[in-house]
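Side chains are part of it too, since the values below use all heavy atoms of this structure and drop only hydrogens, waters and symmetry mates. Proteins come first, then strands; the chains are lettered A, B, ... in the order of their sequence lines, and each starts at number 1.
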Number of protein chains: 2
Amino acid sequence: MSTDENLASEHQESEARPAEARVEAFIGVREARRSEVAEDYVELIAELIHEQGEARPVDIAARMGVTAPTVAKTLGRLARDGLITRAKYRSVFLTEEGRALAKECRERHEIVLRFLLRLGLDPETAERDAEGIEHHVSQRTLALFSDFADRN
Amino acid sequence: MSTDENLASEHQESEARPAEARVEAFIGVREARRSEVAEDYVELIAELIHEQGEARPVDIAARMGVTAPTVAKTLGRLARDGLITRAKYRSVFLTEEGRALAKECRERHEIVLRFLLRLGLDPETAERDAEGIEHHVSQRTLALFSDFADRN
DNA sequence: AATGATTATTAGCCGAAGCTAACTTTTTAC
DNA sequence: GTAAAAAGTTAGCTTCGGCTAATAATCATT
């Protein structure tokens with residue numbers, strides 16, 4: 001069998017040269033995926049502290065829809081990564097870094113959500129889609145979303 | 001410490017009642033995540049077959065930006081799940097089901113990409129963001145994206 | 001047809017994120 | 001202040017999706 005380039009020139013269909021760009025995209029998406037869970041937790045912890053004065057594992061578990069041991073393990077990773085602090089059998093606190101990340105995530109979430117609503121989506125679907133999309137929008141896209149949502 | 005409801009009523013800020021909706025969103029996102037890799041592979045396999053006449057693991061690896069053993073393992077899962085067929089040391093074929101999924105993914109990808117471009121994003125960023133976003137848009141959102149992209 | 005290069009597979013490692021079961025600690029209620 | 005309930009932790013299992021190193025098969029070139 002011939003090489004990639006040979007075959008490409010044999011067939012050379014539409015394609016500007018998306019192949020290499022695509023690789024970068026895949027790699028970027030995999031990177032984004034690695035931080036998704038941490039971002040969701042940190043954002044939720046900030047919310048809980050704001051709403052209820054503290055972030056307890058049991059509430060995190062309920063809101064995330066996972067079991068308590070899963071939360072415990074994830075909190076261990078967040079602590080290791082310097083995003084939270086905690087003492088045994090006590091609730092969780094955000095570090096400076098954690099707070100900064102939470103703020104960033106909250107803002108991003110808000111923008112995506114407002115954008116989807118502005119586009120005409122119903123609130124439930126908008127919430128669900130925003131949760132998935134927010135981790136995959138670049139700064140540029142976010143800026144465009146923001147402009148669109150704000151325009152009347 | 002008091003219960004969730006007690007604390008909520010003590011603080012009861014903005015909030016219509018997004019807490020339960022949020023849980024559903026998180027669960028939905030986790031479900032979507034489980035099929036992301038499979039969808040990317042199937043879509044790419046279809047592309048390779050179209051462009052080059054066959055889908056070889058080495059080309060899949062190059063396009064995905066992963067190593068050959070990673071591809072091998074993933075192809076094993078795809079075969080187990082009935083999306084592809086393959087013979088040892090040969091290239092990969094899509095099953096009926098795999099072809100259907102690939103078509104669906106390609107269409108979704110196209111719509112998201114066209115939407116982002118229509119919004120004014122540069123092609124590289126659009127490609128990268130589309131790759132991440134496409135797995136997290138509901139049918140409703142997709143319909144809105146499509147309408148928006150088509151409007152002049 | 002033999003050999004060297006390319007490609008594919010296998011084995012075995014790792015970390016993330018989920019789970020259940022069992023146990024400890026803390027909180028609540030009496 | 002003690003007993004029951006709730007919350008938190010630990011241990012141990014699973015799957016997924018990466019990786020490297022080593023091996024096996026195929027292909028291409030002479």
Side-chain angles (χ1 to χ4, degrees), chain A residues 1-7 23 26-42 44-45 48 52-81 83-93 135, chain B residues 1-7 23 26-42 44-45 48 52 54-81 83-93 132 135:
Chain A
M1 181 52 64
S2 42
T3 68
D4 201 330
E5 293 75 22
N6 289 345
L7 279 168
V23 182
F26 281 130
I27 291 170
V29 171
R30 278 200 301 276
E31 265 167 36
R33 279 205 264 264
R34 286 211 319 267
S35 29
E36 279 185 48
V37 172
E39 291 181 359
D40 286 340
Y41 270 73
V42 161
L44 175 55
I45 289 165
L48 286 169
Q52 320 198 333
E54 65 173 350
R56 297 186 308 163
V58 67
D59 295 327
I60 297 172
R63 295 270 189 113
M64 292 288 302
V66 300
T67 60
T70 296
V71 170
K73 201 180 286 187
T74 304
L75 292 180
R77 283 189 284 270
L78 297 184
R80 181 202 61 191
D81 297 345
L83 296 171
I84 64 167
T85 59
R86 59 185 188 144
K88 252 192 176 186
Y89 295 99
R90 308 259 63 119
S91 33
V92 175
F93 301 92
H135 306 286
Chain B
M1 182 50 64
S2 42
T3 69
D4 201 327
E5 293 75 23
N6 289 342
L7 279 167
V23 183
F26 281 129
I27 292 171
V29 171
R30 278 200 302 276
E31 263 166 37
R33 278 204 266 264
R34 286 212 317 266
S35 31
E36 279 186 48
V37 173
E39 291 180 359
D40 286 340
Y41 272 71
V42 162
L44 175 55
I45 289 164
L48 286 169
Q52 321 199 332
E54 66 175 350
R56 298 185 308 162
V58 67
D59 294 326
I60 298 173
R63 294 271 190 112
M64 291 287 302
V66 300
T67 61
T70 296
V71 170
K73 200 180 287 190
T74 304
L75 292 180
R77 285 190 282 268
L78 297 184
R80 180 201 62 189
D81 297 345
L83 296 170
I84 64 167
T85 58
R86 58 186 188 144
K88 255 194 174 185
Y89 294 98
R90 305 257 71 111
S91 32
V92 175
F93 301 92
H135 305 287

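Taking 4.0 angstrom as the limit, B:Arg34 places none of its side-chain polar atoms (N or O) nearer than this to OP1 or OP2 of D:dC16. Phosphate proximity of D:dT15 to B:Arg30: absent, as no side-chain N or O sits under 4.0 Å from OP1 or OP2. Not one side-chain nitrogen or oxygen of B:Arg77 sits closer than 4.0 Å to the OP1 or OP2 atom of D:dT15. When the side-chain nitrogen and oxygen atoms of B:Arg56 are compared with OP1 and OP2 of C:dT9, none of them lie within a distance under 4.0 Å. For the OP1/OP2 pair of D:dC19 and a distance below 4.0 Å, the side-chain nitrogens and oxygens of B:Thr70 include at least one atom meeting the criterion. At the phosphate of C:dA17, neither OP1 nor OP2 sits under 4.0 Å from any side-chain N or O atom of A:Thr74.
Spacing between atom CG of B:Asp59 and atom C1' of C:dT7 amounts to 10 Å, rounded to whole angstrom units. Going from atom CE of A:Met64 over to atom C1' of C:dA17 covers 10 Å, rounded to whole Å. In this structure, NZ of B:Lys88 is placed 8 Å from C1' of C:dT10, rounded to the nearest angstrom. Residue A:Leu75 contributes atom CG, which lies 10 Å from atom P of D:dG8 at whole-angstrom precision. The distance between atom CD1 of A:Ile60 and atom P of D:dG8, rounded to the nearest whole Å, is 9 Å. For the pair B:Glu31 CD and C:dA17 C1', the interatomic distance rounds to 15 Å; values are reported in whole Å. At whole-Å resolution of the value, NZ in B:Lys73 and C1' in D:dG18 are 8 Å apart. Protein atom CD1 of A:Ile27 is 15 Å distant from nucleotide atom C1' of D:dG17, rounded to whole Å.
Remark on DNA chain D: of its neighbouring residues B:Asp81 and B:Thr67, the 5'-side contact belongs to B:Asp81, judged by nearest-heavy-atom nucleotide. Between A:Tyr41 and B:Ala87, the residue whose closest nucleotide on DNA chain C is further toward the 5' end is B:Ala87. With DNA chain C read from its 5' end, the first of the two nearest nucleotides for B:Ser91 and A:Ala38 is the one closest to B:Ser91.
Nearest nucleotide to the B:Val66 side chain, out of D:dG8, C:dG18, D:dC19: D:dC19. The side chain of B:Ala72 lies closest to C:dT10 when the candidates are C:dT10, D:dC19, D:dA11. Listed candidates were C:dT9, C:dC13, C:dA17. Nearest to the side chain of A:Val37 is C:dA17. For A:Arg90, the listed nucleotide lying nearest its side chain is C:dT27; candidates were C:dT27, C:dT7, D:dT9. Relative to the side chain of B:Val58, the nucleotides D:dC19, D:dA7, C:dT7 differ in distance, and C:dT7 lies closest.
Atoms CZ and CG, on A:Phe26 and B:Leu44 in that order, are 5.5 Å from each other to the nearest 0.5 Å. In this structure, OG1 in A:Thr74 is found 4.5 Å from CZ in A:Arg77, a value given to the nearest 0.5 Å. From B:Arg90, atom CZ reaches atom CZ of B:Arg56 across 11.0 Å, with rounding to the nearest 0.5 Å.
Side-chain contact between A:Arg30 and A:Ile27 is present, with at least one heavy-atom pair separated by less than 4.5 Å. When side chains are defined from C-beta on, B:Leu75 counts as touching B:Leu78, because their heavy atoms get closer than 4.5 Å.
In this structure, the side chain of A:Arg63 does not engage the main chain of A:Leu48 through any donor-acceptor pair within 3.5 Å.
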